[in-house]
Amino acid sequence: MDTLIDFDFNNVSYDEIIGSILINLNKCLKDNDEILDENNSKGHNGFNLMKYGVISTQYLSYM
């Protein structure tokens, strides 16, 4: 919102405003994609650890 107010005070054209918003939106999407990939990787590793923990617990209970 602050960006739009700054553009209004500086008499920036609508094309420049839309271009700036699209650039910021693209950066936001890339940043969110990286965050989701990182969280997905952590979740996958946690699931594997849980799976190995269950398997080892089952193995030790039969001994």
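No hydrogens, no waters, no symmetry mates; every other heavy atom, side chains included, goes into these values. Note that the structure is a prediction, hence the values are computed from the model and not measured. Counting from 1, the numbers follow the sequence of the chain as shown.
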Decide salt bridge (Lys or Arg N to Asp or Glu O under 4.0 Å) for Glu34 and Lys30; before the verdict, give the C-alpha distance in whole Å, the side-chain angles of both, and the deciding distance to 0.1 Å.
-> CA-CA 6 Å; Glu34 290 174 6; Lys30 285 181 182 179; over 6 Å; no
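Side chain of Thr57 to backbone of Gly53: a donor-acceptor contact under 3.5 angstrom is found.
If you take CG on Asn40 and CG on Asp33, they are separated by 10.5 Å, rounding to the nearest 0.5 Å. Here the CD1-CD1 distance, from Ile18 to Ile23, works out to 12.5 Å after rounding to the nearest 0.5 Å.
Here Asn48 pairs with His44, Lys51, Tyr52 under the side-chain contact (heavy atoms from CB on, under 4.5 Å) rule; sequence neighbours left out. Qualifying side chain to side chain donor-acceptor pair (under 3.5 Å) partners for Ser13, counting only residues two or more places apart in sequence or in other chains: Glu16. Residues passing the side-chain contact (heavy atoms from CB on, under 4.5 Å) test with Ile35, sequence neighbours excluded: Asn32, Asn39.
Under the 4.5 Å side-chain heavy-atom criterion for ILVMFWY residues, no single connected hydrophobic cluster contains both Ile55 and Met50.
Put simply, the side chain of Ser41 reaches to within 4.5 Å of the side chain of Asn45, judged on heavy atoms.
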